[in-house]
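Each chain gets a letter, A, B and so on, in the order its sequence line appears, and its residues count up from 1.
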Protein chains: 2
Amino acid sequence: MTVDLAIFTVLDRLLHLLVVERGEPPFAGALALPGGFVRPNEDLDEAARRELLEETGLAAMTERGGPHLAQVGAFGRPDRDPRMRVISVASFALVPPELVPQIRAGGDAAHARWVLVRDLRELSESPLAFDHPEIIDAALTRLRSDLDQTSIAFALVPDPFTIQELRTVHEAIGGAPIDPGNFRKRVLRMIDDGMLELARGKRQTASKPANLYRFVAPR
Amino acid sequence: MTVDLAIFTVLDRLLHLLVVERGEPPFAGALALPGGFVRPNEDLDEAARRELLEETGLAAMTERGGPHLAQVGAFGRPDRDPRMRVISVASFALVPPELVPQIRAGGDAAHARWVLVRDLRELSESPLAFDHPEIIDAALTRLRSDLDQTSIAFALVPDPFTIQELRTVHEAIGGAPIDPGNFRKRVLRMIDDGMLELARGKRQTASKPANLYRFVAPR
DNA sequence: TCAAAAGTGTTTCTCGTACACCCATGT
DNA sequence: ACATGGGTGTACGAGAAACACTTTTGA
């Protein structure tokens with residue numbers, strides 16, 4: 001039993017995934033999702049959170065209650081690992097861009113790097129180990145569907161965020177540009193639904209300073 | 001590693017779940033989801049489908065390509081089974097009402113029976129074994145969310161079905177009555193989206209005979 | 001003064017909801 | 001004839017989409 005993690009962030013307006021380069025066979029030199037074995041007395045969520053910490057060193061995230069983590073599914077094809085029977089429970093994690101620079105500081109993270117999700121799909125599956133292409137597809141599908149139905153988008157923006165930052169996340173995941181005026185109205189509606197609130201201060205931009213908003217956790 | 005199954009159907013306009021009564025400790029006498037161990041060379045979906053067959057004897061379902069089966073998630077609390085560490089991958093399955101009468105014919109199914117989902121929730125968790133209340137909750141949540149986004153509703157109606165039969169499924173899962181006129185319009189829209197087609201014949205009802213429709217698999 | 005992005009407004013269309021009503025059939 | 005449920009029509013409102021426009025800043 002292992003857990004594998006699809007750790008996403010939005011950098012430079014594009015969706016990125018954290019991958020590690022494998023040092024040993026099988027698939028030496030190939031890219032793979034970070035992951036590891038579940039310990040004997042560990043819950044699956046616990047194991048995923050521990051791996052996330054080990055791979056990213058992001059202890060600091062606990063101040064926001066930790067990064068968003070959600071299970072994607074179990075993958076158990078008998079031949080998915082040539083060495084032995086391994087069943088993996090995959091989760092996806094969302095890292096806000098403010099914390100991305102801290103990741104290199106982590107322990108196992110020396111060999112970890114961000115790759116563009118768009119590039120992964122163009123290169124097809126060539127450089128990816130095991131059944132990880134399949135896992136990534138499932139994680140992406142889940143990510144996109146959760147985007148419209150849950151509040152996961154807020155896990156990918158800085159804590160007080162501008163409307164543009166939030167829109168950028170939606171565009172990166174959805175893959176298509178969104179009309180800024182219309183998106184603004186969606187955000188305003190979230191405000192009088194009590195889901196968001198205006199925060200103090202302004203964010204400097206290339207032009208007119210932007211209002212800041214904050215996600216209000218449901219009571 | 002085990003698979004557990006939440007097998008649903010709609011009987012008498014209400015959502016039902018197939019449960020077995022446990023014969024041995026732990027939880028002897030309690031109700032539990034059907035399930036079993038994953039075999040060494042079996043994929044998880046394969047194991048789930050095999051268990052479904054063993055528990056229901058519904059070989060006949062293959063004529064419609066088998067019942068709908070989808071993974072819900074993995075459950076791995078270290079103490080979920082007092083005997084040993086067991087991680088279970090839960091799936092839900094949907095059985096159309098036409099096949100329900102055949103289920104008693106199955107092998108392991110002698111001790112299986114349908115219970116009202118509504119009753120399960122009223123009785124809280126008292127009579128359910130292991131963490132099965134949690135699994136059932138997750139399966140229900142998934143069922144409800146898939147209902148609006150996928151075509152799973154068609155797996156719970158007879159093959160040519162009436163609009164009322166389809167509406168009944170939505171009402172049973174959603175738990176609330178739906179305006180018949182409005183629901184009809186939704187169905188008509190599905191028809192000119194090419195998702196449904198009018199089938200020949202009529203279904204006898206307590207009043208005016210109803211048109212029959214058929215689900216058209218996406219090409 | 002000009003570019004860039006924030007923010008506002010307008011119009012059109014689709015869809016969900018509520019609800020009134022007609023139609024065909026078995027009893 | 002009448003209850004039952006199939007099937008149709010209307011009216012309102014929320015929200016998605018397309019797009020023009022004004023405002024405020026930095027360069």
Side-chain angles (χ1 to χ4, degrees), chain A residues 10 12-14 97 144-145 147-151 153 157-158 160-214, chain B residues 10 12-14 97 144-145 147-151 153 157-158 160-214:
Chain A
V10 174
D12 202 19
R13 307 188 160 224
L14 294 171
R144 282 192 246 276
S145 104
L147 187 64
D148 319 306
Q149 284 151 32
T150 72
S151 49
V157 288
F161 57 88
T162 66
I163 291 183
Q164 204 229 47
E165 286 161 351
L166 187 64
R167 175 165 52 86
T168 295
V169 165
H170 277 83
E171 289 174 335
I173 296 177
I178 300 173
D179 181 278
N182 293 333
F183 188 79
R184 159 165 277 273
K185 269 172 270 175
R186 278 171 62 180
V187 171
L188 296 190
R189 231 172 291 132
M190 290 187 225
I191 289 175
D192 48 42
D193 288 354
M195 192 179 190
L196 297 184
E197 63 183 18
L198 188 63
R200 288 197 319 277
K202 301 263 182 185
R203 171 98 77 234
Q204 287 310 102
T205 72
S207 62
K208 179 174 171 178
N211 280 331
L212 291 172
Y213 301 87
R214 202 186 305 277
Chain B
V10 175
D12 203 20
R13 304 188 162 225
L14 295 171
R144 281 192 247 274
S145 104
L147 187 65
D148 319 306
Q149 284 153 35
T150 72
S151 49
V157 288
F161 57 87
T162 66
I163 291 183
Q164 205 229 51
E165 284 160 352
L166 187 63
R167 175 166 53 86
T168 295
V169 166
H170 277 84
E171 289 174 335
I173 296 177
I178 300 173
D179 181 279
N182 295 335
F183 187 79
R184 158 164 280 270
K185 270 175 265 173
R186 279 171 62 181
V187 171
L188 297 190
R189 232 172 290 133
M190 290 187 223
I191 290 177
D192 49 42
D193 289 351
M195 193 178 190
L196 297 184
E197 62 181 19
L198 188 64
R200 288 197 317 276
K202 302 263 181 185
R203 172 98 75 233
Q204 287 311 100
T205 72
S207 63
K208 180 174 169 181
N211 279 331
L212 292 172
Y213 300 87
R214 200 185 307 274

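Nucleotide dT25(D) holds its C1' atom 8 Å from the CD atom of Gln204(A), rounded to whole Å. Taking atom CD1 on Ile178(B) and atom P on dG6(D), their separation rounds to 14 Å, with Å as the unit. Taking atom CG of Asp148(A) as the reference point, atom P of dG15(D) lies 15 Å away to the nearest angstrom. Between Arg186(B) atom CZ and dA18(C) atom P there is a gap of 13 Å when expressed in whole angstrom units.
Counting only heavy atoms from C-beta outward, the side chains of His170(B) and Arg167(B) never approach each other to under 4.5 Å. Inter-residue side-chain proximity for Lys202(A) and Lys208(A) is flagged as unmet; no heavy-atom pair is nearer than 4.5 Å.
Arg203(A) pairs by the side-chain hydrogen bond (donor to acceptor under 3.5 Å, both in side chains) definition with Glu165(A), not counting sequence neighbours. Residues passing the ring-ring contact (aromatic ring centres under 6.0 Å, His included) test with Phe161(B) are Phe154(B), sequence neighbours excluded.
In terms of modelled atom types and a separation under 3.5 Å, the side chain of Arg144(B) and the main chain of Ile173(B) share a donor-acceptor contact.
Between Arg189(B) and the phosphate of dG16(C), there is a side-chain N or O to OP1/OP2 separation shorter than 4.0 Å.
With respect to Gln164(B), the side chain to side chain donor-acceptor pair (under 3.5 Å) criterion is satisfied by exactly one of Arg184(B), Arg13(B), Glu171(B): Arg13(B).
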Could you go through nucleotides 4-10 of chain C and list every protein N or O atom that sits under 3.5 Å from one of its N or O atoms, giving the distance for each pair?
from, atom 1, to, atom 2, distance (Å)
dA5(C), O4', Ser207(A), OG, 2.7
dG7(C), OP1, Asn211(A), N, 3.2
dG7(C), OP1, Asn211(A), ND2, 3.0
dG7(C), OP2, Arg184(A), NH2, 2.6
dG7(C), O5', Arg184(A), NH2, 2.7
dT8(C), OP2, Arg184(A), NH1, 2.9
dT10(C), O4, Lys185(A), NZ, 2.8

